Amino acid sequence: MESLKYALVLVLPVAYLAHRYLSTTPMPPAPAEPAPAADAKEPAKSVMSAPRDDLAPPKDDPFTQAELAAFDGSDPSKPIYVSIKGTVFDVTHKAEVYGPGKSYSIFAGKDGSRGLGLSSLNVEDAVPDYSPLDAKHRQVLDDWHAFFLKRYNIMGRVTDLPEIQPARRTT
């Protein structure tokens, strides 16, 4: 049962994004909570959480990549932060996804923009430099950034990221 939960956590967001960009008809929005299984005692949690209306005003605290690394979930007394395109988000309330050993833990305590744009959970892709991404993958990255903006508090910006060049046009 535990492995099924991890498989769903990995597959559902990727399948949603792939369907969204490969389909010619728009996909309806994902429900905030899936229907409970017939034999379940409690309703299953949705991987794709609904937008929140209780977010705090954004902060603009500066973080270096080294400082951000301290918020990777390994110290239970500290929050868990993820950065996308330099924006630092507090994902602590989703520790079951971003905490140590969990499905998206490779993004905790760092800016993993390239991996998000590629929809990759490979550690080598969880890096801030997304300059190699083509326009399609940059759109996926922008969609993840927009997703996080609606669900997680902004804690600040990473100040020492590489400068990103505009996407190369493909003809």
Side-chain angles (χ1 to χ4, degrees), residues 1-18 30 32-34 36-37 40-52 54-56 58-130 132-133 137 140-162 164:
M1 186 65 168
E2 190 72 18
S3 63
L4 176 61
K5 182 171 78 171
Y6 289 126
L8 287 174
V9 166
L10 293 173
V11 171
L12 287 177
V14 173
Y16 170 78
L17 289 171
E33 294 292 328
K41 294 178 179 146
E42 295 181 21
K45 288 185 178 180
S46 172
V47 175
M48 303 296 278
S49 60
R52 293 176 48 194
D54 63 342
L55 294 175
K59 293 183 180 179
D60 196 26
D61 295 344
F63 289 87
T64 64
Q65 292 180 72
E67 291 168 336
L68 182 62
F71 299 93
D72 65 355
S74 61
D75 182 345
S77 69
K78 292 183 179 179
I80 303 172
Y81 292 167
V82 168
S83 174
I84 302 173
K85 295 173 62 173
T87 304
V88 178
F89 297 95
D90 183 343
V91 298
T92 308
H93 76 276
K94 285 296 211 171
E96 72 274 9
V97 178
Y98 295 99
K102 303 302 180 183
S103 56
Y104 290 115
S105 64
I106 65 162
F107 299 114
K110 65 176 81 165
D111 188 304
S113 294
R114 184 185 305 177
L116 288 167
L118 293 171
S119 299
S120 171
L121 293 176
N122 295 326
V123 174
E124 61 271 13
D125 291 329
V127 296
D129 182 10
Y130 59 92
L133 299 182
H137 288 110
V140 172
L141 177 58
D142 289 344
D143 288 347
W144 275 114
H145 191 264
F147 178 87
F148 273 63
L149 285 171
K150 296 176 184 173
R151 289 161 179 83
Y152 302 105
N153 287 316
I154 297 174
M155 305 312 295
R157 300 238 2 115
V158 181
T159 58
D160 62 345
L161 294 178
I164 306 301

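Note that the structure is a prediction, hence the values are computed from the model and not measured.
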With sequence neighbours excluded, what pairs up with R157 under the salt bridge (Lys or Arg N to Asp or Glu O under 4.0 Å) test? none

Between V88, D111, T87, V91, which is the residue that forms a side chain to side chain contact (heavy atoms under 4.5 Å, CB included) with V82? V91

Gap between atom CZ of F63 and atom OH of Y81 - 0.5 Å precision: 5.0 Å

Could you list the residues that satisfy ring-ring contact (aromatic ring centres under 6.0 Å, His included) with F107, not counting sequence neighbours? none

Hey, what do you get for OH (Y104) to CD (E96), rounding to the nearest 0.5 Å? 12.0 Å

State which residues pass side chain to side chain contact (heavy atoms under 4.5 Å, CB included) with P51; sequence neighbours excluded, sorted by chain then number. K150, R151

Would you list the pairs meeting salt bridge (Lys or Arg N to Asp or Glu O under 4.0 Å) in which at least one residue belongs to residues 68-93, sequence neighbours left out? K85-D142

Nearest heavy-atom approach of I80 to G99 is CD1-CA, 3.9 Å

Mind listing the closest non-hydrogen atom pair of G86 and L161 along with its distance? CA-CD1, 3.4 Å

Taking salt bridge (Lys or Arg N to Asp or Glu O under 4.0 Å) as the definition, give me every residue that meets it alongside D129, ordered by chain and number, with sequence neighbours left out. R114

Qualifying residues under ring-ring contact (aromatic ring centres under 6.0 Å, His included), relative to H145, sequence neighbours excluded: F89

As an exercise, state the distance from CZ of F71 to OG1 of T92, rounded to the nearest 0.5 Å. 9.5 Å

Restricting to non-hydrogen atoms, name the atom on G101 and the atom on S105 that form the minimum distance, rounded to 0.1 Å. N-OG, 3.7 Å

Inter-residue atom distance L141.CG - I84.CD1, 0.5 Å rounding: 7.0 Å

Taking the side chain as every heavy atom from C-beta outward, state whether V140 and L116 have any atom pair closer than 4.5 Å. no

Residue pairs fulfilling salt bridge (Lys or Arg N to Asp or Glu O under 4.0 Å) with at least one residue in residues 116-127, sequence neighbours excluded: none

For residues 60-71, pull every pair meeting salt bridge (Lys or Arg N to Asp or Glu O under 4.0 Å), keeping only residues two or more places apart or in separate chains. none

Show the nearest heavy-atom pair for residues S113 and P128, with the distance to one decimal. CB-O, 3.8 Å

Is the ring pair Y152/F148 parallel, tilted or perpendicular, if the boundaries are 30 and 60 degrees? tilted

Once side chain to side chain contact (heavy atoms under 4.5 Å, CB included) is applied, do any residues pair with I106, and if so which ones, sequence neighbours excluded? L121, V123, A126

Under 3.5 Å donor-acceptor, Q65 side chain and V158 backbone: no

